[in-house]
There are 2 protein chains.
Amino acid sequence: MTPLTRTKWPAVTSNASPEISAAARAPRLDELLCFAIYQTNHALNRIYKPLLQDHALTYPQYLVLVTLWERDDRSVGDLGAALGLESNTLTPLLKRLEGSGYLTRTRNPADERQVRVRLTEAGRRIEDKARGIADCVADAGGLGRAELDDLLVQMKTLRDRLDAGTATSP
Amino acid sequence: MTPLTRTKWPAVTSNASPEISAAARAPRLDELLCFAIYQTNHALNRIYKPLLQDHALTYPQYLVLVTLWERDDRSVGDLGAALGLESNTLTPLLKRLEGSGYLTRTRNPADERQVRVRLTEAGRRIEDKARGIADCVADAGGLGRAELDDLLVQMKTLRDRLDAGTATSP
DNA sequence: AATATTTATATCGTACACGATTTAATCGTG
DNA sequence: CACGATTAAATCGTGTACGATATAAATATT
């Protein structure tokens, strides 16, 4: 809690903590699948960053654009359903994309509760430039198409099962 | 950029955007491995949250404790190397864990630049309580040990290759 | 038709994550 | 010994995530 300013203190007794205690230990970091996924996700972020910052995009912003390239003119809730995000995350993110000129946000006149998110010309145009990015990332992974597809299926299966565990009761 | 206040506007012409344009399209969300990983990571976070909040821990805080259970009395940089994080992320996180009473942060008298992070009694004690958490999460994934191990190896391979691509030149 | 309920976004507070910079301690070399 | 270079944390600013709450529009109910 303290800022830990660097002043000379009386030496602290070394207090040797038990390095190894017993047989049944808590899991180690390198055995945890969740940690491997956590780190791989970060690694992907790092790979994407330089590729995307040429277009002044972040990784989640790129995912929003991918969603809109697939189908344009969607509500915030619809985007959220596709991305697994809610308005608390999407609203500021969409405002930034609007500020960057990639999309527009307009209330739906037929239902003023909804916001229609639409790509601008600039938003559609970078689809071409961004097309190679995913391949670029795939290359960085150094996996063949078969391995990639295999991993994709496995990850989606795991994701769906985990989601099933949180949505309602198993 | 505007707060989009809900006032009745003149109807916007529907402007039908091209639903499908051509053959060579940008990748779709459900074809992107990075997105599957991104979502699986979020799903894991959601699974861990209720299990961890009994101990007033977040998921990254739990990972720090796992690291310390493996080996106690480490510097911030050492923890960062294990977790793939730097002091800008770790320092505030460690301060919160200190505030929660799970660890102490003291300058290393032998080298005042370093901060020694050590578990408290409370920090060691929850190792026992937390032991089942990872199993609990594995259960939620619904995969057998063989599949888990397989996925773990694949993810670590992918992570390492991605890291190799960013650390220096390929 | 007036009111209660539901729905769609937005806002707020907290906690990562990370690039860039700062500060303090140590090390290396003259 | 001094002084520049290096190293280890900390700080700062921006951008996600997400629980909780607020707000306004639409729908359902009485």
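In what follows, chains are A, B, ... by sequence order, proteins preceding strands, each numbered from 1.
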Looking at C:dA10, D:dA10, D:dA17, which one has an atom nearest to any side-chain atom of B:Arg105?
-> D:dA10
Under 3.5 Å, is there an N or O donor on one side and an acceptor on the other linking the side chain of A:Ser87 and the base of C:dA10?
-> yes
DNA chain C: A:Val76 or A:His42, which has the more 5' nearest nucleotide?
-> A:Val76
Not counting sequence neighbours, which residues clear salt bridge (charged side-chain N to carboxylate O under 4.0 Å, His left out) with B:Asp150? List them please.
-> none
Phosphate-side-chain proximity, A:Arg107 and D:dA26, N/O vs OP1/OP2 below 4.0 Å = no
Report yes if at least one side-chain N or O of A:Lys95 is closer than 4.0 Å to OP1 or OP2 of C:dT11; otherwise report no.
-> yes
Where the side chain of A:Asn88 is concerned, which of D:dG15, D:dC18, D:dA9 is the nearest nucleotide?
-> D:dC18
Tell me the partner of C:dA1, counting only Watson-Crick (N1-N3 plus N6-O4 or O6-N4) or G-U wobble (N1-O2 and O6-N3) with both under 3.5 Å; none if nothing fits.
-> D:dT30
Closest nucleotide of DNA chain D for A:Glu86 versus for A:Ala110: which of these residues is on the 5' side?
-> A:Glu86
Does A:Tyr38 or A:Leu90 map to a spot on DNA chain C nearer the 5' end, using the closest nucleotide for each?
-> A:Leu90
Using a heavy-atom cut-off of under 4.0 Å over every strand shown, decide if A:Asp111 touches base, sugar-phosphate, or nothing.
-> sugar-phosphate
Indicate yes or no: does A:Arg107 engage A:Glu112 in a salt bridge with an N to O separation below 4.0 Å.
-> no
Ignoring hydrogens and angles, answer whether the base of D:dT7 and the side-chain atoms of B:Arg113 contain a donor-acceptor pair closer than 3.5 Å.
-> yes
Counting only heavy atoms not in B:Glu86, do more than 12 sit closer than 6.0 Å to its CD atom?
-> no
Among A:Arg116, A:Arg124, A:Arg118, find the residue that satisfies the salt bridge (Lys or Arg N to Asp or Glu O under 4.0 Å) test when tested with A:Asp72.
-> A:Arg124
